[in-house]
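A short worksheet on the structure shown next.
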Amino acid sequence: MPELPEVETVRKALLKIINKAVIKEVKIFRNDLRWNIKDNLRVILEKDIFQKPYRKGKYLLLPTFKNKILLIHLGMSGQIKIRDNKYVETKHDHITITVEAENSTEYSITYNDPRRFGYVDIFDKREVGHHFLLNRLGLDALDRNLTFGYLKGCFENRKKSIKNTIIDQSIIAGIGNIYASEILFSAKIHPYRSANSLNFDEISSIIKASKFILKKAIRVGGTTIQNHVQPDGKLGYFRQKLKVYGRKGLKCLNCKNIIITSFIGKRSTFFCEYCQV
DNA sequence: CGGCATCCCTGGGAGC
DNA sequence: TGCTCCCAGGGATGCC
């Protein structure tokens, strides 16, 4: 499932080709994603030129010279495919953008999403802070301003579980269900603990574990559970490095007790009830 | 405002 | 082999 490292993998792949790339053609095969894609997306984008892509949490933002931003969210099953211009569309491809890169090579960039939980939108750069999907986002998990002071403030008065708190995008943007289990396991914090019960050391270890795990996952191209594929078609290799997610019934890598799973707010959570306290 | 349930969607695996 | 059922989960929305 695309969380911060998977989206970052896509951003880095796009960065190699789309900066200063001319948008030659935009094809929309179906527009009923999570919300309907705007009718004028094709007209707005064609003949414009991409700039450097960036990311906020799980959102990918592709700015252009004409002061627009193409926003992409991969939902749960979304994928970006970067291929040469002879690419032939397959099932669940919803949009293909053909660009001419700075080196005159043509590429096709395709958004594929079987479950259509994702979204693609276009808007003016100046609206970026007001966009309905971006205006409530908290700090990005890799933002250097994500400090003890920031999280302490967010956790105050928050009685709900720390697991549900760190996947709340209005507090920390980028962490999803898989990395939440991994981060709490690494920080040795029980997922059911209420957010406001954490002390200085515990909050600090969550920050440290988040940055460490997310960066490590980015380095190997993200996690492939079901269908995360990097834009070049390669799988992400972080799955082999997961220490707790998906390890129900297996021995804890720290204390050899058995990893258990339960549902916290409808999401499966993996943890060790002995070394996570 | 916090917290919780509900809904959107399709593929894949389990069970019969 | 084929059917049905359940689960995976990001995040807006609406209700209390």
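Below, chains carry the letters A, B, ... as their sequence lines are ordered, and counting in each starts from 1. No hydrogens, no waters, no symmetry mates; every other heavy atom, side chains included, goes into these values.
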Self-check item: Centroid separation Phe185(A) to Phe271(A) less than 6.0 Å
Solution: no
Practice problem: Verify whether the ring centers belonging to His73(A) and Tyr59(A) lie closer than 6.0 Å. | Solution: yes
Exercise. Please determine which of Ile97(A), Thr110(A), Asp113(A), Ile72(A) meets the side-chain contact (heavy atoms from CB on, under 4.5 Å) test together with Ile80(A).
Key: Ile72(A)
Could you please name the option among [options] that lies closest to any side-chain atom of [X]?
X	options	value
His73(A)	dG11(C), dT13(C), dC8(B)	dG11(C)
Arg158(A)	dA12(C), dG11(C), dG2(B)	dG2(B)
Pro114(A)	dG11(B), dG3(B), dC9(B)	dG11(B)
Phe117(A)	dC8(B), dG11(C), dA12(C)	dC8(B)

Tell me what [X] touches on the nucleic acid: a base, only sugar-phosphate, or nothing, going by heavy atoms under 4.0 Å.
X	answer
Tyr119(A)	nothing
Arg267(A)	base
Arg34(A)	base
Leu74(A)	nothing

Interatomic distance, [X] [atom1] vs [N] [atom2] [rounded to whole Å]:
X	N	atom1	atom2	value
Arg30(A)	dC9(B)	CZ	P	9 Å
Phe132(A)	dG10(C)	CZ	P	18 Å
Lys160(A)	dC1(B)	NZ	C1'	12 Å
Asn164(A)	dG2(B)	CG	P	14 Å
Arg116(A)	dC7(B)	CZ	C1'	14 Å
Lys266(A)	dT13(C)	NZ	P	20 Å
Phe263(A)	dA8(C)	CZ	P	4 Å
Asp168(A)	dG10(C)	CG	P	12 Å

Using OP1 and OP2 only, check whether a side-chain N or O of [X] sits under 4.0 Å from [N].
X	N	value
Lys58(A)	dG11(C)	yes
His92(A)	dG11(B)	yes
Lys91(A)	dG11(B)	yes

Quiz item: When you look at NZ of Lys248(A), are more than 12 heavy atoms from neighbouring residues, nucleotides or ligands closer to it than 6.0 Å?
Solution: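 Counting neighbours around NZ of Lys248(A), 12 or fewer heavy atoms of other residues, nucleotides or ligands fall under 6.0 Å, so no.
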Exercise. Decide yes or no, distance alone: a donor-acceptor N/O pair under 3.5 angstrom between the base of dC9(B) and the side-chain of Arg115(A).
Key: yes
Exercise. Check whether the side chains of Tyr192(A) and Glu273(A) place a donor and an acceptor atom closer than 3.5 Å, and report yes or no.
Key: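 Side chains of Tyr192(A) and Glu273(A): no pair found under 3.5 Å.
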